[in-house]
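Notes follow once the structure below has been shown.
Residue numbers start from 1 in every chain, and the chains themselves are labelled A, B, ... in the order their sequence lines are given, proteins ahead of strands. Note: hydrogens, waters and symmetry copies are ignored here, and every other heavy atom, side chains too, is used.
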Amino acid sequence: MGGRRPLSCPRRRRPPQVLLSVDVPVSIGQAAHGPRAQLHHRRRAGALPCHARLQRHAADGLGRLRPARRERRDRQWRAACAMDLRNIDHMRAQLMALGFAIDWSRELATCKPDYYRWEQWLFTRLFEKGVIYKKMATVNWDPVDQTVLANEQVIDGRGWRSGALVEKRDIPMYFFRITQYADELLNGLDTLPGWPERVKTMQANWIGRSTGVRLAFPLAAAGEQAAPHASGPTSDDLLWVFTTRADTLMGATFVAVAAEHPLAARAAANNPALAAFIDECKQGSVAEADMATMEKKGMDTGLNVVHPLTGEDIPVWVGNYVLMSYGEGAVMAVPAHDERDFGFARQYGLPIRQVIDARESSRALRQAIADTRKNRALSAEEAEFSESFAEHATEFTDRAWQDWYASKEGVCINSGKYDGLGYDAAVDAIAADLAALGLGEKKTQFRLRDWGISRQRYWGCPIPIVHCDSCGDVPVPAAQLPVVLPEDVVPDGAGNPLNRRADFVDCACPKCGGAARRETDTMDTFVESSWYYARYACPDLAAGMLDTRADTWLPVDQYIGGIEHAILHLLYARFFHKLMRDEGLLASDEPFTRLLTQGMVVADTFYREDASGKKLWINPGDVEVKEGIAILKADGQPVIVGGTEKMSKSKNNGVDPQALIDRYGADTARLFTMFAAPPEQSLEWSDAGVEGAQRFLKRLWKMVYEHVQGGPLPPAGEGANTRPKQIDDLRRQLHQTIQKVADDIERRKQFNTAIAAVMELMNALAKQDGDDAATRAVRQEALEAAVALLAPIVPHIAETLYAELKPGATLTWPTVDEAALVQDEIELILQVNGKLRGSVRVAAAADKAAIEAAALASEPARKYLEGRPPKKIVVVPGRLVNIVV
RNA sequence: GCCCGGGUGGCGGAAUCGGUAGACGCAGCGGAUUCAAAAUCCGCCGCCGCAAGGUGUGGGGGUUCGAGUCCCCCCCCGGGCACCA
């Protein structure tokens, strides 16, 4: 777009760049309205030009535009990519109108084969290296529609369209071995000071590194178990668990396994009731949130295992709260010291054995108990539980117990030879004893699981694998890439339509040349968005994924994206960066040096109900609200007001900034959105206030023109010695403003306060109406600075006004004049007993004694002290003085 | 359920390191200008109170000379929870 000059250009090997994660919004199903940009994208974009000379534009076609949701039965998938590209066109036009300095030559669309072929190429390399592998994984299966459902499509355990009870089903899928990079992904967070703490915390918790003990419970020989393994003890006769609390092993009173655990299946073979229970557990969604909130249920398998240290028989239960995908799919249950185990044991009457003495535990625990007691009565369960351990004279509460559990304090009791040992000593001793028996070892465990990328819903990058009966799974050779996704597919709502495309499926095996079948699963669209930032370095490269330009540009200085991506997208992008590094494609370790996570934009929702009670969502742009009643502009009839929600196409509450731009211009629209709220917060969208932004720009415009009309300025420096005090005050405020705006924008990335500071400066300037030489000189200085400070936010108007103020000059960022900041007298707040009672003026250089004297002598102090002697005087330099009596 | 945020006037928000709560803007009220309106300009504007003053940052407790900010308990809202992306 050109025309904009850099504000400043520090010498660097390359200009800093900002990468804006622009999701092209979906307009499918909104044909009547045309494509509608979602406002938060523009808001995100608005934060950019202050840092950026070059911006890159992402058009993530496969990501946002997968028409797999509610619209799919109404629309053909034909030309889906063409539609993506139309949406991208609309978005591009809008971003251009807003005046961002975006380098459009780098634009790319991830739905195009020339992009995704390199993703396929990398896939084949990683597959050969073993970084990608195939295994069975559990998905949501809709038995009526015969299709895999996304978690989002499972509502209360039923398929969203068919209403059928969803089943868990195991299918083969391809996985990225992200767990191999778990340590590096975790440790790498410490090398990212430019990332928000909360995002790093979330990622660290997600990766969830924990050290503990992996140990085995041998199956008990007795009982009615089928014992199909007649050939003596094998690994099948050991039940492995992982625990971070091996010190509580002596308190394990049962073991719980997941419904999918092989042992559960073995026990169910001749136990119909158990088989039925396992079937029940296999119903419902695979989502962790559902697993964690459902009612805890279990059933005794009838099998026993032997406690590895005591030799005691303990029962094995199937628990619906045990996750097959985490750890060993089995847990040792220590009800005395684990909340879930405790609840489970109480429900089924299983024994509870305390093995940690809380009397020896921390003061924090005692404090927690006391605090709980003080603030609320103990629940019946808590009270009962604490009584059941009365013999140890210790009160337990859910909370106290949880704190203590996590803090790993206290010593072992009722644990034989381990009695009296603290956490570390007990774990060491128990791990050593288990190791001697060959039944356990210390182990580091991650919560992070490998990344399954197979999808069965057609719209995505094809997985470049050919299945051959004689050669197995064969990666497609580089020369045969890309495997192009057919776009003329008509869906019928059941399964993956690619399966029925002979022209796609049938192919020759790249190895033996025999007849083979192409993989019809496509990749998770997160894959596309995991490396697009790198492709911007060389979007035109036809001969490879990346070339040496990648290291010229990467890592990205500043990445901007929504907070909803804090974990998955950002973790996958970091992972992909390391994969590309290890392929020799680039040299850096991390993709994004600084990260700004945007809050979301929310807006009001409106709807009407049709005869069948179905809600028809109406766009806020078509609704007028008068005196609390919302009416549809088209027919003047009322509509129902829904809640305020995240902008989404399903609720049709996306706000198109185009109307705002058309009416007020791009500068006003930008100023308004930047002023509304800091970027990290979510923003409730409302047009109210946009006139204020325009009013301010008009004032600025008028002030500049009135000043310029006053004719040329007197020579610089004239009147400098005779400046009245208020002119000095104005200059001080001016330079304080320059300082603040720079800090707000560069360090705090907070634009609303930067704008407010310039507004304050303009308010002060407007009050200074003299036209003497000194006043005019300061006015010139202040207007120049104000215009330059606003240039990142309102580039068009700033450019014009600067040309008026300084014809022919290049807009330059103002510098702070330290001398102007100096004050000889300052005002301190005066408090008496911590309450505001007035203020006192002292010399800026005054020492503590002088300040105390001035404070005591002041009128308000005398009034409030009433002759009482001060007990203490607190002086905070430059701030306040507090007299305590 | 678990992890991460958040809760401040009628509204959006400010208060950056524990130091004047409510900057800046919107809305509202009063005034100037105008034949009138719009626009513009000036002033007022948390709540209670005539005032002095009191009170106030989701609720309760605590630490401190001083708490929106730190600690404990509770409530509510949002994001994420691996197939929405």
TODO: Using only side-chain N and O atoms of A/N752, determine if any of them is under 4.0 Å from OP1 or OP2 of B/G25.
DONE: no

- [ ] Send over the distance from A/K200 NZ to B/C3 C1', rounded to a whole Å.
- [x] 17 Å

Task: Pairing residues for A/Y321 by the ring-ring contact (aromatic ring centres under 6.0 Å, His included) criterion, not counting sequence neighbours - done: A/F344

Open item on the list: At 4.0 Å (heavy atoms only), tell me whether A/D743 reaches a base, stays on the sugar-phosphate, or touches nothing.
Closed with: base

- [ ] Sticking with atom C1', work out how far B/A52 lies from B/G19, rounded to a whole angstrom.
- [x] 26 Å

Task: Syn/anti state for B/G9 [syn: chi within 90° of 0] - done: syn

- [ ] Tell me what A/T201 touches on the nucleic acid: a base, only sugar-phosphate, or nothing, going by heavy atoms under 4.0 Å.
- [x] sugar-phosphate

- [ ] For A/V148, report the nucleic acid contact type (base, sugar-phosphate, nothing); a contact means any heavy atom under 4.0 Å.
- [x] base

Open item on the list: Suppose you measure atom P in B/A67 against the same atom in B/U57; what distance do you get, rounded to whole Å?
Closed with: 11 Å

Open item on the list: Which residues pass the ring-ring contact (aromatic ring centres under 6.0 Å, His included) test with A/F696, not counting sequence neighbours?
Closed with: none

Task: Structure string for RNA chain B in dot-bracket form, Watson-Crick and G-U at under 3.5 Å, | interchain - done: (((((((..(((......[....))).(((((.......))))).(((....)))..(((((..]....))))))))))))....

Open item on the list: Taking only side-chain N and O atoms of A/R455, does any of them lie within less than 4.0 angstrom of OP1 or OP2 on B/C83?
Closed with: yes

Task: Per A/V876 side chain, nearest of listed nucleotides B/G19, B/A82, B/A15 - done: B/G19

Open item on the list: Using every non-hydrogen atom in the two residues, find where A/A566 and A/M202 come nearest and quote the distance to one decimal.
Closed with: CB-CE, 3.7 Å

TODO: For nucleotides B/G78 and B/C73, find the distance between their C1' atoms and express it as a whole number of Å.
DONE: 22 Å

Task: Touch class at under 4.0 angstrom, heavy-atom based, for A/S839 against every strand present - done: nothing

Task: P-based separation of B/C29 from B/U34 [nearest Å] - done: 23 Å

Open item on the list: Suppose we call a contact any N or O donor and acceptor under 3.5 Å apart; does that hold for the side chain of A/N882 and the base of B/C65?
Closed with: yes

TODO: Say whether, by atom type as modelled, one donor and one acceptor occur between the side chain of A/N882 and the main chain of A/G834 under 3.5 angstrom.
DONE: yes

Open item on the list: Under 4.0 Å, heavy atoms only, any strand: does A/R879 hit a base, just the sugar-phosphate, or nothing?
Closed with: sugar-phosphate

- [ ] Please work out if A/G208 contacts a base, only the sugar-phosphate, or nothing of the nucleic acid, heavy-atom cut-off 4.0 Å.
- [x] nothing

TODO: Taking atom P in both B/G43 and B/G25, compute the distance separating them and give it to the nearest angstrom.
DONE: 12 Å

- [ ] In whole angstrom, give the distance that lies between atom CD1 of A/I755 and atom P of B/A23.
- [x] 17 Å

Open item on the list: With no hydrogens and no angle check, just 3.5 Å: does a side-chain donor-acceptor pair link A/S210 and A/Q445?
Closed with: no

Open item on the list: From CG of A/L571 over to P of B/C81, roughly how many Å is that when rounded to an integer?
Closed with: 13 Å

TODO: State which of B/U16, B/G53, B/U20 makes the closest approach to the side chain of A/Y864.
DONE: B/G53

Task: From B/A21, B/G79, B/G1, nucleotide with atom closest to A/I563 side chain - done: B/G79

Task: Candidate pair A/F176 and A/F576, rule ring-ring contact (aromatic ring centres under 6.0 Å, His included), full reasoning - done: CA-CA 10 Å; A/F176 276 83; A/F576 239 76; 5.7 Å; yes

Open item on the list: Can you list everything that forms a ring-ring contact (aromatic ring centres under 6.0 Å, His included) with A/W195? Sequence neighbours excluded, please.
Closed with: none

- [ ] Answer with base, sugar-phosphate or nothing: what part of the nucleic acid does A/A289 contact at a heavy-atom distance below 4.0 Å?
- [x] base

Open item on the list: Does this structure show an ion pair linking A/K863 with A/E859, if we count only N-O contacts that are shorter than 4.0 Å?
Closed with: no

Task: Whole-Å C1' distance, B/U8 and B/C3 - done: 26 Å

Open item on the list: Any side-chain N or O of A/N763 below 4.0 angstrom from OP1/OP2 of B/G25?
Closed with: yes

TODO: Check every atom of B/G1, B/A23, B/A21 against the side chain of A/A292 and return the nucleotide holding the closest atom.
DONE: B/G1

- [ ] Pull up the glycosidic torsion of B/C17 and say syn or anti, syn being anything within 90° of 0.
- [x] syn

- [ ] Under 4.0 Å between any heavy atoms, over every strand shown, what does A/A757 touch: base, sugar-phosphate, or nothing? Just pick one.
- [x] nothing

- [ ] Would you indicate which nucleotide in B/G25, B/G1, B/C84 comes nearest to any side-chain atom of A/F675?
- [x] B/G25

TODO: Mind checking A/K863 for me? I need base, sugar-phosphate or nothing, with any heavy atom below 4.0 Å counting as a touch.
DONE: sugar-phosphate

TODO: Assign A/Y174 to base, sugar-phosphate, or nothing according to its heavy-atom contacts below 4.0 angstrom with the strands shown.
DONE: nothing

Open item on the list: Without decimals, in angstroms, what is the distance between A/E528 CD and B/C83 P?
Closed with: 14 Å

Task: Pair of N/O donor and acceptor under 3.5 Å linking B/U16 base with A/K740 side chain - done: yes

TODO: Could you tell me whether A/Q831 contacts a base, only the sugar-phosphate backbone, or nothing, with contacts defined as non-hydrogen atoms closer than 4.0 Å?
DONE: base

Task: C1' atoms of B/C11 and B/U16, separation to the nearest Å - done: 25 Å

- [ ] Have a look at A/R748 and say if it touches a base, only the backbone sugar-phosphate, or nothing, with a 4.0 Å heavy-atom cut-off.
- [x] base

Task: CZ (A/R841) with more than 12 external heavy atoms under 6.0 Å - done: yes

Task: Option from A/I873, A/L856, A/V875 for which side-chain contact (heavy atoms from CB on, under 4.5 Å) with A/I851 holds - done: A/V875

- [ ] Please determine if a side-chain N or O atom of A/Q733 lies less than 4.0 Å away from the OP1 or OP2 oxygen of B/A23.
- [x] no

Open item on the list: Among A/I883, A/L830, A/V842, A/L828, which residue satisfies the side-chain contact (heavy atoms from CB on, under 4.5 Å) criterion with A/S858?
Closed with: A/L830

Task: Closest to side chain of A/P678, choosing from B/G1, B/C65, B/G13 - done: B/G13

Nucleotide N/O to protein N/O under 3.5 Å, stretch nucleotides 38-44 of chain B:
from, atom 1, to, atom 2, distance (Å)
B/C41, OP1, A/R699, NH1, 3.4

- [ ] Check whether more than 12 heavy atoms from other residues, nucleotides or ligands sit under 6.0 Å from atom CZ of A/R748, and answer yes or no.
- [x] yes

Open item on the list: Just to verify, what does A/Y572 make a ring-ring contact (aromatic ring centres under 6.0 Å, His included) with, not counting sequence neighbours?
Closed with: A/W451, A/F526

Task: Nucleotide nearest A/N205 (side chain, heavy atoms from C-beta), chosen from B/C81, B/A23, B/C4 - done: B/C4

Task: Out of B/A23, B/C4, B/A82, whichever nucleotide has its closest atom nearest the side chain of A/R198 - done: B/C4

Open item on the list: Between A/D450 and A/T179, do the side chains contain a donor N or O and an acceptor N or O under 3.5 Å apart?
Closed with: yes

Open item on the list: Would you measure the distance from the C1' atom in B/G13 across to the matching atom in B/G18 and give it in whole Å?
Closed with: 22 Å

TODO: For A/K871, report the nucleic acid contact type (base, sugar-phosphate, nothing); a contact means any heavy atom under 4.0 Å.
DONE: nothing

- [ ] Identify whether any heavy atom of A/R447 sits under 4.0 Å from a base atom; if not, whether one sits that close to sugar-phosphate; answer base, sugar-phosphate or nothing.
- [x] base

TODO: Specify the separation, in whole Å, of atom CD of A/Q736 and atom P of B/A23.
DONE: 18 Å

